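Keep in mind the model is a prediction, meaning the values are calculated, not measured. Side-chain atoms are counted along with the backbone in the values below, which use heavy atoms only and exclude waters and symmetry mates.
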Amino acid sequence: DDFSNKAGKDYAASRGEYLNGIIMANYLGYEFIDAAEVILFDENGTFMADKTNEVLAARLETVERAVIPGFYGSMPDGTIKTFSRGGSDLTGSIVAKAAKVDMYENWTDVSGFMIADPRIVKNPKSIDAITYKELRELSYMGATVLHEDAIFPIRKEGIPINIRNTNAPEDKGTLIVEATCRHPKYTITGIAGKQGFASITIEKAMMNSEIGFCRRVLQVFEDNNISIEHMPSGIDTMTVFVHQSEFEEKEQKVFDYFAAHKNKIVYAKDLATLLDLPRDYVYKYIKNLRAKIDGEALKNADKGGFVLTL
């Protein structure tokens with residue numbers, strides 16, 4: 001009856017978490033709380049953070065121990081709605097805030113954040129402590145241990161997160177905090193990478209003294225509905241990094257504008273960004289895999305270059 005009355009991909013996708021939650025609650029002897037009763041979305045499918053916190057906090061006041069499945073909630077008409085991605089991490093964070101916990105432990109299949117991607121670097125060391133800011137940077141650039149949005153519900157409450165390994169419970173994992181005075185074991189906190197970028201470099205003599213030049217450049221991207229990833233600049237150059245898939249269909253409109261205003265353009269695509277994160281600093285290295293300048297191959301492009309910004 002439930003499937004016929006609430007048919008839909010979100011309802012079907014949520015049943016694994018729902019049934020596992022019931023099994024786990026019975027095994028532990030804890031109360032089962034259906035996330036659909038306490039994780040709330042509005043009629044448009046937008047998560048209602050304040051209302052959820054109010055309802056969930058009230059429910060948890062009457063319960064000493066409970067199992068709450070992650071990943072989904074419900075809309076006002078009872079329709080099941082799932083989070084777009086990373087829903088279990090986010091649900092845990094929402095529950096931690098409502099319960100006013102001292103620590104949010106997130107148990108997964110790795111012993112915290114690694115200094116580098118274990119799929120690329122063999123046996124990388126784990127990070128003992130990392131700040132929310134560093135976590136956001138690493139997660140956005142490809143580190144997938146914890147969804148970056150999971151920090152928002154608890155960051156204001158000052159609740160630390162401890163990433164632990166279910167298969168190695170003796171490991172301390174990674175502690176995620178607002179700030180830390182701990183001296184890091186390594187100079188580099190962590191390294192993460194992401195592919196699929198393109199760069200557009202505009203060259204113009206005395207650009208730095210021309211009032212409004214940067215604004216006009218950015219206006220071109222805004223007018224074409226292109227979001228900007230990164231924007232280093234020099235005295236006579238300004239480089240804009242964008243997502244290549246978003247830019248390719250609109251590239252000619254952008255190039256036509258700069259050509260009409262007699263600006264020299266350097267276009268590079270198929271780029272990968274590498275985030276190298278020392279404590280309190282963010283370095284972004286941009287490696288050129290393929291590049292072109294006015295139709296001719298960029299010298300040494302095959303050897304790669306980099307941009308360093310602070």
TODO: Determine the minimum heavy-atom distance between A98 and N53, stating which atoms define it.
DONE: CA-OD1, 3.4 Å
Task: Other residues, nucleotides, ligands: >12 heavy atoms within 6.0 Å of M206 CE - done: no
TODO: Name all residues meeting the side chain to side chain donor-acceptor pair (under 3.5 Å) criterion together with E170; count only those two or more places apart in sequence or in a different chain, and write none if there are none.
DONE: none
Task: CD1 on I151 to NZ on K156, rounded to 0.5 Å - done: 12.0 Å
TODO: Name all residues meeting the side chain to side chain donor-acceptor pair (under 3.5 Å) criterion together with E246; count only those two or more places apart in sequence or in a different chain, and write none if there are none.
DONE: S227
Task: Side chain T52, main chain A49, donor-acceptor under 3.5 Å - done: no
Open item on the list: Quick check: closest heavy atoms across S93 and I154, and the distance to 0.1 Å?
Closed with: O-CG2, 3.2 Å
Open item on the list: My understanding is that only residues two or more places apart in sequence, or in another chain, count here; which of them pass side chain to side chain donor-acceptor pair (under 3.5 Å) with N20?
Closed with: none
Task: Pairwise distance OG(S199) to CD(Q244) - rounded to 0.5 angstrom - done: 10.0 Å
Open item on the list: Test your reading of the model: is there a side-chain donor-acceptor pair from D171 to the backbone of G173, 3.5 Å cut-off?
Closed with: no
Task: With sequence neighbours excluded, residues passing ring-ring contact (aromatic ring centres under 6.0 Å, His included) with F221 - done: none
Open item on the list: Any non-hydrogen side-chain atom of E17 less than 4.5 Å from a side-chain atom of T91?
Closed with: no
Task: Nearest heavy atoms of N162 and L175, plus distance in Å - done: ND2-N, 4.1 Å
- [ ] Taking salt bridge (Lys or Arg N to Asp or Glu O under 4.0 Å) as the test, write out the residues that go with E203, two or more places apart.
- [x] K264
Task: Within 6.0 Å of CG in N167, more than 12 heavy atoms from elsewhere - done: yes
Open item on the list: Let me confirm one number: the CD-CD distance from E249 to E251, rounded to the nearest 0.5 Å.
Closed with: 10.0 Å
Open item on the list: E248: which residues meet the salt bridge (Lys or Arg N to Asp or Glu O under 4.0 Å) condition with it, sequence neighbours left out?
Closed with: none
Task: hydrophobic_cluster_shared for W107 and Y104, side chain cutoff 4.5 Å - done: no
Task: Between CE on residue M238 and OG1 on residue T201, distance to nearest 0.5 Å - done: 10.0 Å
TODO: Give the other cluster members for I211, using side-chain heavy-atom distances under 4.5 Å between Ile, Leu, Val, Met, Phe, Trp and Tyr residues; answer none if it is isolated.
DONE: none
Open item on the list: Between Y18 and F71, is the ring pair (Phe, Tyr, Trp, His ring centres under 6.0 Å) condition met? List the steps.
Closed with: CA-CA 9 Å; Y18 173 79; F71 181 57; over 10 Å; no
Task: Pairwise distance CD1(I200) to CD1(I202) - rounded to 0.5 angstrom - done: 7.0 Å
- [ ] With sequence neighbours excluded, tell me which residues meet side chain to side chain donor-acceptor pair (under 3.5 Å) with N26.
- [x] none
Open item on the list: Test question: given the 4.5 Å side-chain rule for I, L, V, M, F, W and Y, name all other residues clustered with V38, or answer none.
Closed with: I33, I39, L40, F41, F47, M48, V55, L56, L60, V63, I68, M75, F83, L90, I94, V95
Task: Which atom of R155 lies closest to which atom of E178, heavy atoms considered - done: NE-OE1, 3.0 Å
Open item on the list: Test of understanding: with salt bridge (Lys or Arg N to Asp or Glu O under 4.0 Å), list the residues that count as partners of K81, not counting sequence neighbours.
Closed with: none
TODO: Verify, without hydrogens or angle tests, whether T174 (side chain) and I127 (backbone) share a donor-acceptor contact under 3.5 angstrom.
DONE: yes
- [ ] Please report the closest heavy-atom contact between S111 and M114, naming both atoms and the distance.
- [x] O-CE, 3.5 Å
- [ ] For the pair N224 (side chain) and I226 (backbone), establish whether a donor and an acceptor sit closer than 3.5 Å, ignoring hydrogens and angles.
- [x] no
- [ ] Give the minimum heavy-atom separation between S74 and A36, together with the two atoms involved.
- [x] OG-O, 2.6 Å
Open item on the list: Who clusters with L28? Use side-chain heavy atoms, under 4.5 angstrom, across I, L, V, M, F, W and Y, and order the result by chain and number.
Closed with: M24, Y27, Y30, V67
Open item on the list: As an exercise, state the distance from CZ of F241 to NE2 of H230, rounded to the nearest 0.5 Å.
Closed with: 6.0 Å
Task: salt bridge (Lys or Arg N to Asp or Glu O under 4.0 Å) involving R59 - partner list, sequence neighbours excluded - done: E31, E37
TODO: Give a yes or no on whether N225 atom CG has more than 12 heavy-atom contacts from other residues, nucleotides or ligands under 6.0 Å away.
DONE: no
Task: Full working for side-chain hydrogen bond (donor to acceptor under 3.5 Å, both in side chains) between N44 and T46 - done: CA-CA 6 Å; N44 297 315; T46 301; 5.5 Å; no
Open item on the list: In the structure I gave you, are the side-chain heavy atoms of R15 and Y72 within less than 4.5 Å of one another anywhere?
Closed with: yes
Open item on the list: Counting C-beta onward and ignoring hydrogens, is there a side-chain heavy-atom pair between F113 and I176 closer than 4.5 Å?
Closed with: yes
Task: cation_pi(R216, F213) dist<6.0 Å, angle<=45 - done: no
- [ ] Would you check if K100 and E157 make a side-chain contact, meaning some heavy-atom pair closer than 4.5 Å?
- [x] no
